[in-house]
Asks: 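A single structure is presented below for examination.
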Protein chains: 2
Amino acid sequence: MTADARGPAIAREVADRLHSAAIALLRTARKEDEASGLSAARLSALSVVVFGGPLPLGELARAEQVSAPTMTRIVSALEELGLVVRQADTQDRRIQRVVATEAGRKKLEEGRARRVEFLRTRLAELPAEELAQLEKAAEVLGRLFRKGR
Amino acid sequence: MTADARGPAIAREVADRLHSAAIALLRTARKEDEASGLSAARLSALSVVVFGGPLPLGELARAEQVSAPTMTRIVSALEELGLVVRQADTQDRRIQRVVATEAGRKKLEEGRARRVEFLRTRLAELPAEELAQLEKAAEVLGRLFRKGR
DNA sequence: GTTGATTAGTTAGCCTAGCTAAACTATACT
DNA sequence: AGTATAGTTTAGCTAGGCTAACTAATCAAC
């Protein structure tokens, strides 16, 4: 049987299962995120700042698909928590660049570590063969979905 | 080589990659979920009702880890949208069983179909061998994470 | 069988967070 | 000078979350 003949049907099936698994995974991961003490909106914004480098508040607002006033408040909250700072642009002093602090990076990294650790303990229960299968799959998924980051 | 010798290290690596893929997947899924017009809390509750069958409001509250009053409001909102109905238990008339309507099932199924379809188009690009790997992985992940449902 | 305790759910009142539009300030551009 | 842009402030909405107080139904005990 060729891949093309079987492909579409099996892709749908795999997509379905992967989707279910992702939902379940997402659930447990969300619980770990709560431990950070940050809301989803703040955590997401912080993540963009940490990985996307210093960037103007307006750009951050667009990236997160919220209005400027909303982002002002989110950034203000993160700033009060010491996770980011505003830096006036030297070229254009209207612009406030948002930069992650060390504490901000650390906070994000801790959250990631928590989620990964949780996952790891689950995976560690698996027989070696299944773990190897997941390893290959993770590689494929990484290629498929990780482009954006 | 035994699984135990190699297990911990590889589990950590796989967990890391799986985590990254899940985040990426989560991002796109979130966008699709917004198309449903339901908030995360309502969508999640609806999902439990649809898959978990008619169940008392209190149980639903516990499942979603919120207080009873909060669930009362969420259910009321879903009821006004015509997605669920309350049914007084015939045995114990204190109990209000929450049941999904056809519209509720359909709404959830539509969202799922959107997400699965998006995933499917991505997976369809893969060579058959990699797809087969994902198939096995999906099966394993399903067993690992889907227990709660 | 009436009283008392327990349980399920709702109502009321309050807080916080995210979101928006509109008005305002400050800077930059022409 | 006049216009455009970046960000903030103000005012107000919606939604999720809580606790406390209430109603209604069940159960237990005497």
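Atoms considered below: every heavy atom in the structure, side chains included; atoms not considered: hydrogens, waters and symmetry mates. Chain identifiers are assigned alphabetically (A, B, ...) following the order of the sequence lines, protein sequences preceding nucleic acid strands; residue numbering begins at 1 within each chain.
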Asks: Classify Glu59(A) by what it touches in the nucleic acid, base, sugar-phosphate, or nothing, heavy-atom distance under 4.0 Å.
Replies: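 If one applies the 4.0 Å heavy-atom cut-off, Glu59(A) turns out to touch nothing in the nucleic acid.
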Asks: Rounding to an integer number of Å, can you tell me how far Glu64(B) CD sits from dG16(D) P?
Replies: 12 Å
Asks: Could you tell me how far apart Ile95(A) (CD1) and dT27(C) (P) are, to the nearest whole angstrom?
Replies: 13 Å
Asks: Report the distance from atom CG of Leu43(B) to atom P of dA15(D), rounded to the nearest whole Å.
Replies: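 Those two atoms, CG and P, are 15 Å apart.
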Asks: Once you round it to whole Å, what is the distance between P of dG9(C) and CG of Asp92(B)?
Replies: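 Rounding to the nearest Å, CG of Asp92(B) and P of dG9(C) are 8 Å apart.
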Asks: Residues sharing Ile95(B)'s hydrophobic cluster, by side-chain heavy-atom contacts under 4.5 Å among ILVMFWY, directly or via others?
Replies: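 Besides Ile95(B), the hydrophobic cluster comprises nothing; the residue is isolated.
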Asks: Is a side-chain N or O of Gln96(B) found less than 3.5 angstrom from the main chain of Leu57(B), in a donor-acceptor match?
Replies: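 No; zero donor-acceptor contacts below 3.5 Å.
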Asks: Below the 4.0 Å mark, does dG18(C) have OP1 or OP2 next to a side-chain nitrogen or oxygen of Arg42(A)?
Replies: yes
Asks: Between Ser67(A) and Arg62(B), name the one whose nearest nucleotide on DNA chain C is closer to the 5' end.
Replies: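 On the 5' side of the pair lies Arg62(B).
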Asks: Suppose we screen for side-chain hydrogen bond (donor to acceptor under 3.5 Å, both in side chains). Which residues come up paired with Gln87(A), at least two apart in sequence or across chains?
Replies: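 Partners of Gln87(A) under the side-chain hydrogen bond (donor to acceptor under 3.5 Å, both in side chains) test: none.
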Asks: Taking atom P of dG7(D) as reference, at what distance in whole Å does atom CD1 of Ile74(A) sit?
Replies: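 Rounded to the whole Å, the gap is 14 Å.
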Asks: Ignoring backbone atoms, test whether Ser39(A) places a side-chain nitrogen or oxygen under 4.0 Å from the OP1 or OP2 oxygen of dA17(C).
Replies: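 Answer no for this pair, as no side-chain N or O of Ser39(A) is under 4.0 Å from OP1 or OP2.
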Asks: Under the rule for side-chain hydrogen bond (donor to acceptor under 3.5 Å, both in side chains), what residues qualify as partners of Glu130(B), not counting sequence neighbours?
Replies: Arg143(A)
Asks: Collect all protein-nucleotide pairs involving nucleotides 10-14 of chain C in which both atoms are nitrogen or oxygen and the distance is under 3.5 Å.
Replies:
residue: dT10(C); atom: OP1; partner: Arg86(B); partner atom: NE; Å: 2.6
residue: dT10(C); atom: OP1; partner: Arg86(B); partner atom: NH2; Å: 3.1
residue: dT10(C); atom: OP2; partner: Thr72(B); partner atom: OG1; Å: 2.6

Asks: Say whether, by atom type as modelled, one donor and one acceptor occur between the side chain of Thr101(B) and the main chain of Gly82(B) under 3.5 angstrom.
Replies: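 Yes: the side chain of Thr101(B) pairs with the backbone of Gly82(B).
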Asks: Please give, in whole Å, the distance from dC27(D) P to Asp89(B) CG?
Replies: 11 Å
Asks: From CG of Leu38(B) over to C1' of dT14(D), roughly how many Å is that when rounded to an integer?
Replies: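 It is 15 Å, rounded to the nearest whole Å.
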Asks: Given side chains that start at C-beta, do those of Leu38(B) and Leu83(B) come closer than 4.5 Å, heavy atoms only?
Replies: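 Sidechains of Leu83(B) and Leu38(B): in contact.
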Asks: According to the salt bridge (charged side-chain N to carboxylate O under 4.0 Å, His left out) rule, which pairs have a member within residues 78-90 of chain A, sequence neighbours left out?
Replies: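 Counting only pairs at least two positions apart or across chains, the salt bridge (charged side-chain N to carboxylate O under 4.0 Å, His left out) contacts touching residues 78-90 of chain A are Glu79(A)-Arg86(A), Asp89(A)-Arg97(A).
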Asks: Got a list of protein N/O to nucleotides 3-5 of chain D N/O distances below 3.5 Å?
Replies:
residue: dT5(D); atom: O4'; partner: Arg94(A); partner atom: NH1; Å: 3.3
residue: dT5(D); atom: O2; partner: Arg94(A); partner atom: NH1; Å: 2.8

Asks: Would you mind reading off the distance between Leu81(B) atom CG and dA15(D) atom C1', rounded to a whole angstrom?
Replies: 13 Å
Asks: Does Ser44(A) reach the main-chain N or O of Ala41(A) with its side chain, forming a donor-acceptor pair under 3.5 Å?
Replies: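 No, because the side chain of Ser44(A) does not come within donor-acceptor range (under 3.5 Å) of the backbone of Ala41(A).
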Asks: Which is true for Gln91(B) with a 4.0 Å heavy-atom rule: it touches a base, it touches only sugar-phosphate, or it touches nothing?
Replies: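 Sugar-phosphate contact only - Gln91(B) comes under 4.0 Å of backbone atoms but never of a base.
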Asks: Begin from the C-alpha positions of Glu109(A) and Arg112(A) and carry the test salt bridge (charged side-chain N to carboxylate O under 4.0 Å, His left out) through to its verdict.
Replies: CA-CA 5 Å; Glu109(A) 178 49 37; Arg112(A) 206 184 85 108; 3.6 Å; yes
